[in-house]
Amino acid sequence: MAAALDNLRGGGVVFGPSGSFEEEDEEDSPAVLLSVLVQHGQVGLCFYDSQDSSLHYMPDTPDNQELHLLVRVIQEVSPHVIITSAKQERSMTLFLQQLGSNPHYRPEVVTYPYVDFGLEVSKQRLLSANLPFLPTCISERDKLSYLSSCISFDSSLMLRAVGALLKCLDRRRVGVELEDSSVGVPILQFHAYTLKGMVYIDRDTYSVLQIFKSELHPSVYKLHSGEKEGLSLYGILNRCKCKFGSKLLRQWFLQPTQDLKVLKRRQEVIRFFTSPQNSDSLRTLQSSLRNIRNIPTLLRRMTLSLTKVNDWQSLYKTVYSAVCIRDTARHLPQSIQLFRDISEGFSDDLNYITSLISRVVDFEASLADNRFTVKPNVDPAIDEKKRRMMGLSDFLTDVARRELEHLDARIPSCCVIYIPVIGFLLSVPRLPSMVEKKDFEMEGLDFLFLSDDRLHYRSQRTRELNEILGDLHCDIRDMEMAVMAHLQSAVLERSDSLCKVLDLAAELDCLMAMSSASQEYNYTSPKLASNRKITITQGRHPLLELCSPVFVANSFHSSESEGRVKIITGPNSSGKSIYLKQVGLIVFMALIGSDVPAKEAEIGLVDGIFTCIQSRESVSVGLSTFMVDLNQMAQALNSSTGNSLVLIDEFGKGTNTVDGLSLLTASISYWLRKALRDVPHVLVATNFHSVVQLSLLPSSALLSLLTLETAVDGDELVFLYQLKEGICQSSYAANIATLAGLPTSLVQRAVEVSELYRVGRPIKRTEKASLEEETKRCQFVVEKFLSLNLEDKDLDVQRFLKEELLPSAGDLLNRS
Ligand SMILES: Nc1ncnc2c1ncn2[C@@H]1O[C@H](COP(=O)(O)OP(=O)(O)OP(=O)(O)O)[C@@H](O)[C@H]1O
C-alpha cells in the first residue's frame with residue numbers, strides 16, 4: 001500500500017492542514033471532496049466535484065486489508081478533502097497514516113463523529129439537500145422515490161458516506177460562499193462511479209442472474225451466519241481448496257474487469273489446466289493448497305506472542321506446502337506469468353522457515369504437553385536442565401531414604417516430590433492419630449498443606465535442594481519460551497514472503513477451481529477483445545443446463561452489422577428470460593476471466609451490465625414493484641454507454657397494458673435514436689407483442705426481432721426453445737394455461753372473451769347454474785318423459801314438447 005500511496009500526486013489545489021488554500025492564484029479552482037466509510041472489508045464512498053456540482057457515488061464494494069481499491073479511487077479522483085469517521089477500522093487507520101507520510105499528496109483529512117454517518121441522518125440530509133432539478137412543491141415521499149432512481153439505496157455504507165459529505169459541503173458552503181445562508185450547496189446531478197477498467201453491476205443484477213444466492217440454512221440456529229450459498233454461479237465455480245481462494249474468487253466476482261492484461265493472465269492459466277495432460281499437476285497443486293492456512297492471523301498472533309502449538313503446526317504445514325507448490329510450479333511452463341511469479345516469488349525464505357521450525361519445534365512433545373517444546377540439540381542449557389529433570393526421580397528416592405532416618409519412628413515411609421513453582425517437598429502419609437492441625441506439627445519440618453491424605457512439609461534438606469537445583473520446571477519453560485520468541489521474530493522478519501505466498505496461492509486456487517469447472521461442464525475459452533461486438537455461438541445457461549435433462553443452446557450476435565437492439569417475443573415459458581440471463585451470465589463470466597458455456601465466444605469487453613428484470617421489492621425505501629422496475633430502467637437509460645449490456649425482461653407489466661407498452665416503446669426508441677457509437681447491446685424480452693406487431697418502433701438497422709420456436713401438436717403447445725428471427729404471432733396463453741392445469745371450461749371461456757374483445761363484439765356475462773341444479777333439472781325432464789304413456793290417445797305430445805321439454809332443454813343448451 002505504501003508504494004501505491006507514494007504514487008499519489010494531488011492535481012490542482014493542495015489544501016493545507018488548516019483547510020486554507022496554499023496557492024493563492026488558484027482560488028477558484030474546483031474542489032473534490034470525498035467521503036469514505038470502510039467496514040467489514042467493504043468500502044462505500046462518494047465524492048462531490050464542485051466544478052460541475054455533481055455527486056458521484058460508488059456502490060459498496062469489497063476491498064482487501066490494504067484497501068487497494070480505495071487507493072485506486074484516490075489515485076483516479078485525487079480528492080482535496082477526505083471525510084471519514086472518527087471511529088475507524090484498523091485498515092483505514094493505517095491507510096490514513098500512510099497517506100499522511102506522502103510528501104507529494106496531502107489532502108485534508110476531516111473526521112466526523114460516527115453518528116454523522118448514521119443511515120437515517122444521511123437519508124434526511126439527502127432529502128433536505130439543494131437539488132435544483134426537483135420541483136419545489138414535491139412531497140417528501142415522492143422525493144425519496146425519485147432519489148432512489150438517482151442513487152443506489154441498497155448500498156448502506158455509501159449512503160452513510162453521503163450523509164457526512166453533505167454535512168461537510170454544508171459547513172464549508174462549497175461554491176456558495178457568497179450566497180445567502182439559506183442557499184444550500186447545489187447538487188446538479190448524480191453519477192454512478194466505477195473505477196476505470198471496472199465493470200458496473202448492481203446488486204439486483206447479481207441477484208437476478210443468480211451470480212450469488214444465499215439461502216438460509218435449515219439449521220440456522222446452529223450456524224453463525226445461518227447462510228449458505230444456494231444454486232448460483234459462484235456456487236458452481238467455487239471449487240477452491242483453501243479459504244483464501246474462495247475469498248479471492250468472491251472478490252473477482254464482485255469486481256469484474258475490462259483490464260485485458262488481468263483477464264489474459266487468468267485465461268492462460270485456465271487454458272493450461274483444462275488441458276487433460278496437465279491434470280496430474282492440477283491434482284498435486286490442489287492437494288498442497290489444502291494445507292495453506294490463514295497466514296495473516298498466524299502472523300498477528302505471533303506479533304502478540306499468542307502463538308499456540310496448533311499455530312506452529314499450521315504455519316509449518318503452510319510453508320512446507322508453499323515450498324511444494326513452488327517446486328511444482330518451477331516444472332511448469334515459465335511462459336505463463338503466474339507460474340513464473342510463483343517460481344520467483346516463493347523465495348528461499350520459505351525453505352529457511354520450514355527447516356528452522358522442523359529443527360526447533362518438537363511437535364510430538366508439544367502436543368503431548370500442550371505447550372511449545374524445543375527439540376534436543378537446540379540449546380545445550382535446556383538439554384542440561386532436562387537431563388537433570390529426568391535423573392531427578394532416582395536422586396529424590398535417595399534423598400527420601402535419608403530423610404526417613406530423621407523422622408518420627410511412627411512414620412512408616414516418606415518421599416520427596418517436586419511441584420513446579422512451589423519446589424521440592426517432603427511428603428508423608430497421614431497417621432490415624434493425626435486429626436487436628438496441631439497434630440501435623442513435626443519437629444524440624446514446616447507444614448505446608450494436606451492433600452490426598454498426605455502431609456507436605458518443607459525440610460532443611462528440601463530447602464537446600466531448592467537452592468541447588470532451582471525451579472527446574474519453570475526454568476526450562478522460560479528458556480523454551482525464549483527460544484520461541486526468537487523463532488517468532490525469525491518468522492516475522494520474513495512475513496513479506498509469507499504474505500506473497502498467500503496472494504499467489506489464492507490466485508492459483510481460484511484459477512484451478514475455474515479450470516475444474518470448465519472441464520467438468522465443457523466450457524470454452526472466450527476470445528476477449530476491446531471492440532464493441534459480442535458473438536456467442538451455441539451459448540448455454542450455466543445453471544439451467546445442470547438442472548435440465550435437455551438444454552437447447554442458442555447463439556447471440558450483437559454488433560453494428562448484426563443489430564445491437566434485439567426484441568424477443570414468444571409465448572410464456574418459451575425460454576425468453578433464460579436466454580436473456582444466459583447472455584448476461586456468459587458476458588459476466590468472460591469479465592472475470594472464466595471460460596464460458598458456449599461452443600465459441602468472442603466478447604467485446606463491456607463497461608457495465610444493466611438489468612431490468614423483476615427481482616424483489618425494495619424494502620429499504622418502500623417502493624412498489626413497478627417503481628423498482630422504473631428505477632432500474634432509469635439507471636439503464638441514464639448510465640449505460642455504447643459499451644454496456646442492457647437486459648430488459650417483461651418491463652411494464654406492473655401497470656396498465658397501454659401505459660406499460662408506451663414506456664417500453666419509448667425506452668427502446670430512445671436507444672435506437674442515439675448516435676451509433678452510443679447504442680448499448682440491448683436485449684428486450686416482452687409479452688407486449690404489439691411493440692413489434694403494430695410497428696411502434698422507429699425503423700433502424702440496429703434493431704432485430706427474435707422469437708423462440710414452438711410447435712402446436714393438436715391442442716398441445718410444444719416448446720422447442722430454439723431462437724429464430726421473427727415475431728411471435730400468438731401468446732398461446734390458452735394452451736399454456738391448460739398445460740398449467742387450469743380447468744378446461746375456464747380456459748374456454750377466456751378464449752371466447754379474448755376473441756370477442758379482439759373483434760370488438762360485446763361480451764355478455766354468463767350466469768351458470770350450479771352443477772347440482774342442472775342435474776336436478778335434467779332428472780326432472782327425464783322422469784317426466786319416462787312417465788308419459790305413449791299409448792294414451794289423449795296424450796298431447798306436441799304440448800309436452802313445446803311447453804315442458806323444450807324450455808328446459810333450451811335453458812340447458814343456453815347455459816352449456
Ligand atoms: N434453452 C432451453 N433449453 C431447455 N429448457 C429451457 C430452455 N429455455 C427455457 N427452458 C425451460 O423453460 C422454462 C421457462 O423459461 P423462461 O422462464 O425463460 O420462459 P419465458 O419465456 O421467460 O416465460 P415468461 O414469459 O412467462 O416469463 C425454464 O424454466 C426452463 O425449464
Side-chain angles (χ1 to χ4, degrees), residues 204-205 207-210 213 230-233 236 521-523 536-557 566-587 596-599 601 611-616 625-626 628-629 632 646-655 657 660-661 664 682-693 705-713 716-742 747 750 754:
D204 283 342
T205 302
S207 144
V208 291
L209 294 186
Q210 268 179 269
K213 191 171 171 79
L231 179 66
S232 68
L233 187 66
I236 63 164
Y521 303 134
N522 197 18
Y523 291 168
I536 300 168
T537 313
Q538 294 190 25
R540 307 177 319 261
H541 190 292
L543 302 176
L544 185 66
E545 73 166 340
L546 303 182
C547 322
S548 165
V550 185
F551 188 88
V552 182
N554 278 308
S555 302
F556 175 72
H557 302 277
K566 322 238 176 250
I567 301 186
I568 309 159
T569 47
N572 294 99
S573 301
S574 59
K576 302 184 294 294
S577 310
I578 293 293
Y579 176 66
L580 222 72
K581 290 175 184 171
Q582 125 187 353
V583 171
L585 282 167
I586 291 176
V587 172
V596 299
K599 193 169 166 217
T611 52
C612 185
I613 301 178
Q614 273 188 8
S615 51
R616 62 209 156 91
T625 317
F626 184 51
V628 173
D629 262 10
Q632 290 176 339
V646 180
L647 307 173
I648 300 168
D649 192 15
E650 312 263 3
F651 174 78
K653 73 172 188 189
T655 184
T657 312
L661 174 66
L664 177 65
V682 183
L683 253 167
V684 182
T686 182
N687 284 319
F688 292 144
H689 297 173
S690 324
V691 174
V692 280
Q693 283 167 350
L705 307 177
L706 303 168
T707 184
L708 282 143
E709 235 177 317
T710 46
V712 182
D713 180 11
E716 209 181 308
L717 182 69
V718 183
F719 298 109
L720 304 176
Y721 305 116
Q722 193 65 62
L723 194 76
K724 60 170 190 180
E725 285 200 0
I727 309 169
C728 170
Q729 297 301 345
S730 162
S731 73
Y732 296 101
N735 307 54
I736 296 164
T738 314
L739 267 182
L742 265 71
V747 176
S754 164

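Just so you know, ligand 1 is whichever comes first in the structure, and atom 1 is the first atom listed for that ligand.
Residue Ser574 has at least one heavy-atom neighbour below 4.0 Å for each of these atoms of ligand 1: 19 (O), 20 (P), 21 (O). Residue contact check: Asn687 has heavy atoms under 4.0 Å from atoms 25 (O) of ligand 1.
Counting only heavy atoms, the protein never gets under 4.0 Å from atom 29 (O) of ligand 1.
At the shortest separation from atom 3 (N) of ligand 1 among protein heavy atoms lies Val552 N, 3.0 Å. In terms of protein heavy-atom proximity, atom 18 (O) of ligand 1 is nearest to Ile578 N, 2.9 Å. At the shortest separation from atom 26 (O) of ligand 1 among protein heavy atoms lies Asn572 ND2, 3.1 Å. Nearest protein heavy-atom contact of atom 25 (O) of ligand 1 is Lys576 NZ, 2.8 Å. Of the protein's non-hydrogen atoms, the one nearest atom 27 (O) of ligand 1 is Glu650 OE2, 3.0 Å. Annotation: atom 4 (C) of ligand 1 to nearest protein heavy atom, Val550 O, 3.4 Å. If you check which protein heavy atom lies closest to atom 10 (N) of ligand 1, you get Tyr721 CE2, 3.3 Å. Of the protein's non-hydrogen atoms, Leu544 CD1, 4.2 Å is the one closest to atom 31 (O) of ligand 1.
For the pairing with Thr710, the side chain to side chain contact (heavy atoms under 4.5 Å, CB included) check across Pro571, Cys728, Ser573 returns one residue only, Pro571. Residue Val208 forms a side chain to side chain contact (heavy atoms under 4.5 Å, CB included) with just one option from Thr611, Leu647, Asp649, Leu580, and that option is Thr611.
The distance criterion of under 3.5 Å between nitrogen or oxygen atoms is met by Ser573 with respect to ligand 1. For a threshold of 3.5 Å applied to N or O pairs, the pair formed by Phe551 and ligand 1 contains no separation below that value.
In terms of heavy-atom proximity, Ala685 sits nearest to Lys576 at CB-CB, 3.8 Å.
Residues Glu650 and Asn687 form a side-chain contact, since some pair of their non-hydrogen atoms from C-beta on lies under 4.5 Å apart. Between Leu720 and Leu708 there is no side-chain heavy-atom pair separated by less than 4.5 Å. In this structure, Phe556 and Val587 have side chains that are not in contact, with every pair of non-hydrogen atoms separated by 4.5 Å or more. Taking 4.5 Å as the limit, every side-chain heavy atom of Val682 sits out of range of all side-chain heavy atoms of Lys566. For the pair Phe651/Val684, no side-chain contact is recorded, criterion being any heavy-atom separation below 4.5 Å from C-beta on. Within the 4.5 Å cutoff, the side chain of His689 has no heavy atoms near those of the Ile727 side chain.
With a heavy-atom cut-off of 4.0 Å, Leu708 does not touch ligand 1 at all. Neither the backbone nor the side chain of His541 has a heavy atom within less than 4.0 Å of ligand 1. Under 4.0 Å from ligand 1, the heavy atoms of Pro571 that appear belong solely to its backbone.
Residues Asn554 and Gln582 bring no donor and acceptor atom of their side chains to less than 3.5 Å of each other.
Relative orientation of the Tyr521 and Tyr523 rings is tilted, given thresholds of 30° and 60° on the angle between their planes.
Distances from ligand 1 to the non-hydrogen atoms of Gly570 include no value under 4.0 Å.
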